[in-house]
Number of protein chains: 2
Amino acid sequence: MLTGRQKDILSFIQTEQRDKGVTPSTREIQRHFGFASQTSVMQYLDALERKGFLGRHARKARALITPVQKIRITDIPIYGQIPAGMSALTEQDVEGHVSLDSSTVNASKNGRTFALRVRGDSMIEAHILDGDIVILEDRKDAQSGDIVAALIDGETTLKRYVMDHGRPYLKAENPLFPNLIPARELRIQGVMVSLVRKQLSRARRKRG
Amino acid sequence: MLTGRQKDILSFIQTEQRDKGVTPSTREIQRHFGFASQTSVMQYLDALERKGFLGRHARKARALITPVQKIRITDIPIYGQIPAGMSALTEQDVEGHVSLDSSTVNASKNGRTFALRVRGDSMIEAHILDGDIVILEDRKDAQSGDIVAALIDGETTLKRYVMDHGRPYLKAENPLFPNLIPARELRIQGVMVSLVRKQLSRARRKRG
DNA sequence: GCGGGTAATGTTCGTTTGAACACGTTTACT
DNA sequence: AGTAAACGTGTTCAAACGAACATTACCCGC
């Protein structure tokens, strides 16, 4: 699709963007490739834009838009504990961040997306391990079978939401853990949409 | 840490960056906030830079660097099949991409990072499911216990690499699958460093 | 050998843009 | 009352920058 030279130009723009944080100007591209004129650069930019590998804002400086930029990155906060529901999402409770493209997370526009670090093995039969980062979406319309984060006795727990004859309860995916039947209210904080596991390297692992 | 107004400016810059793909110029910021002078903007930029919320390239146009940009995003190609080892990584075999910040992947500088979509349940006891995206690093120094992608009979498989009395073999984490003892050569293509699971929504799921 | 896409040069134009200077105003804390 | 910091105006300058025009050369299929 692209000429060898066109690929070079595009990859230079992307590399610069990554390293410097800013797309290069036509003159910078010119200098890097040893062109005697900017027009050469302009021709390449035209070609790249025509072929859809580049976006441009006319008459603006350094206004190239590379495919890398087009990827929608969602910056998801990881909460250690959510005490009082989604209303009190303070920076205080943030343990860290995960950033990933919104296409791999099924992130919808309306609901807020957040993450929890899993503690314990209560969901091990759903193949969710201690230390996993579970990404959830702030939705109230959980369906039976969904894995949800819910507020029980002031603690946030990750369980499978099951509707049994019109009565919902929280099912632990581990026979060693009890299911939770809510006394009155079941407060769902989010529905699991994705999971990220950081594989520990051999050195940091306890057992093989 | 930041003044209310300073936060406004910063958030405007970030929003613009996201929507347009380019950081706004001082004049654009000026216009948006209704300042009669650019100097106001300059003062805010100075403050934001001083407090570490912004990076700047002196004397360059639209050369603001927001915290969002500073996150190192790794764009990882997902391969359906790796036929002949890491040398022949053509765009042909790319099934898609995952983008996530290099801090959650244990991405080292030297090795190339790539991903595979898992097929089958042979690693289910290592809690890796059919459809999961496994992120690997192109390393040759696999240690016993590491989960690796290896080339067996022209097919790439994901197995646990086990060294047994100086003899390596590939262990399936599912009693229904056989372990693979290499006839002569064991070609390791990568070592698993991370995992991403896209939770299917209720509608697209076959069984609860 | 003719046309058309690609590649490159040399030059000029007008705007966009960051930066600086001098000065005025409000807010908040001592 | 004093003062420092944040906030704001008005103006000017030089550099950075995108864009355009005319011109030349190469390569490849027909």
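The figures here come from the full heavy-atom set of this structure, side chains too, leaving out hydrogens, waters and symmetry mates. Model, not experiment: these values are computed from the prediction. Chain naming here is simple, since letters A, B, ... match the order of the sequence lines and numbering starts at 1 in each.
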Side chain to side chain donor-acceptor pair (under 3.5 Å) against B:D101, all qualifying residues, sequence neighbours excluded: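 B:D101 satisfies side chain to side chain donor-acceptor pair (under 3.5 Å) with B:S103, B:T104 once adjacent residues are dropped.
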Atom-to-atom span, [atom1] of [X] to [atom2] of [N] - whole angstrom:
X	N	atom1	atom2	value
B:E28	C:dT16	CD	P	10 Å
A:F35	C:dG10	CZ	P	13 Å
B:L64	C:dG18	CG	P	7 Å
B:D46	C:dG18	CG	C1'	11 Å
B:Q30	D:dT11	CD	C1'	12 Å

On a heavy-atom basis, which atom in B:P24 and which in B:E16 lie closest, and how many Å separate them?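 Minimum heavy-atom separation between B:P24 and B:E16: CD-CB, 3.8 Å.
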For a quick test of reading the model, state the closest non-hydrogen atom pair linking B:S144 to B:M163 and the distance between them.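 That would be OG-N, 3.0 Å.
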List in numerical order all residues of residues 48-55 of chain A for which some heavy atom is under 4.0 Å away from an atom belonging to DNA chain C.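 By residue number: none to list.
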Scan residues 4-24 of chain B against DNA chain C and write down, sorted by residue number, each residue with any heavy atom closer than 4.0 Å; if none is found, say none.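 DNA chain C contact set from residues 4-24 of chain B: none.
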Could you give all pairs that pass the ring-ring contact (aromatic ring centres under 6.0 Å, His included) test and reach residues 127-149 of chain A, with sequence neighbours left out?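 Qualifying pairs: A:H127-B:H127.
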With side-chain contact (heavy atoms from CB on, under 4.5 Å) as the criterion, how do B:I73 and B:I71 come out once you've worked through the C-alpha distance, each side chain's angles and the decisive distance to 0.1 Å? CA-CA 6 Å; B:I73 302 289; B:I71 302 166; 3.9 Å; yes
Take the C1' atoms of the five end pairs on each side of the helix from C:dG1-D:dC30 to C:dT30-D:dA1, derive the two axes, and give their angle rounded to 10 degrees.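 It works out to 40° between the end axes.
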Can you confirm whether more than 12 heavy atoms, excluding those of A:K51, are under 6.0 Å from its NZ atom?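 It does: A:K51 NZ has more than 12 such atoms within range.
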Could you work out, with side-chain contact (heavy atoms from CB on, under 4.5 Å) as the rule, every residue matching [X], not counting sequence neighbours?
X	value
B:F35	B:R5, B:I9, B:Q30, B:F33, B:S40, B:V41, B:Y44
A:Q17	A:T23, A:T66, A:Q69, B:Q69
A:H57	A:K60, A:A63, A:I65, B:K20, B:V22
A:D19	A:T15, B:R72

Any side-chain N or O of B:Y44 under 4.0 Å from OP1/OP2 of D:dA6?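 So the side-chain polar atoms of B:Y44 never come under 4.0 Å of the phosphate oxygens OP1 or OP2 of D:dA6.
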For the backbone of [Y] and the side chain of [X], can you confirm whether one donor and one acceptor N or O come within less than 3.5 Å of each other?
X	Y	value
A:R160	A:G145	yes
A:N174	A:D121	yes
A:N179	A:A172	yes
A:E28	A:S25	yes

Which residue in the set A:L158, A:T156, A:D138, A:V148 passes side chain to side chain contact (heavy atoms under 4.5 Å, CB included) when paired with A:Q189?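 Per the side chain to side chain contact (heavy atoms under 4.5 Å, CB included) rule, the option paired with A:Q189 is A:T156, out of A:L158, A:T156, A:D138, A:V148.
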Pairs: protein N or O with nucleotides 19-22 of chain D N or O, under 3.5 Å:
from	atom 1	to	atom 2	distance (Å)
D:dA19	OP1	A:R59	N	2.9
D:dA19	OP2	A:R56	NH1	3.2
D:dA19	N6	A:Q38	NE2	3.4
D:dA20	N6	A:T39	OG1	3.1
D:dC21	N4	A:T39	OG1	3.2

Heavy atoms from C-beta onward define the side chain here; which of D:dT9, C:dT9, D:dC17 lies closest to that of A:S40?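 When the side chain of A:S40 is considered, C:dT9 is the closest of D:dT9, C:dT9, D:dC17.
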Under 3.5 Å, which N/O atoms of the protein pair with N/O atoms of nucleotides 24-30 of chain C?
none

Sequence-distant partners of B:E49, salt bridge (Lys or Arg N to Asp or Glu O under 4.0 Å), two or more places apart: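 B:E49: salt bridge (Lys or Arg N to Asp or Glu O under 4.0 Å) contacts with B:R56.
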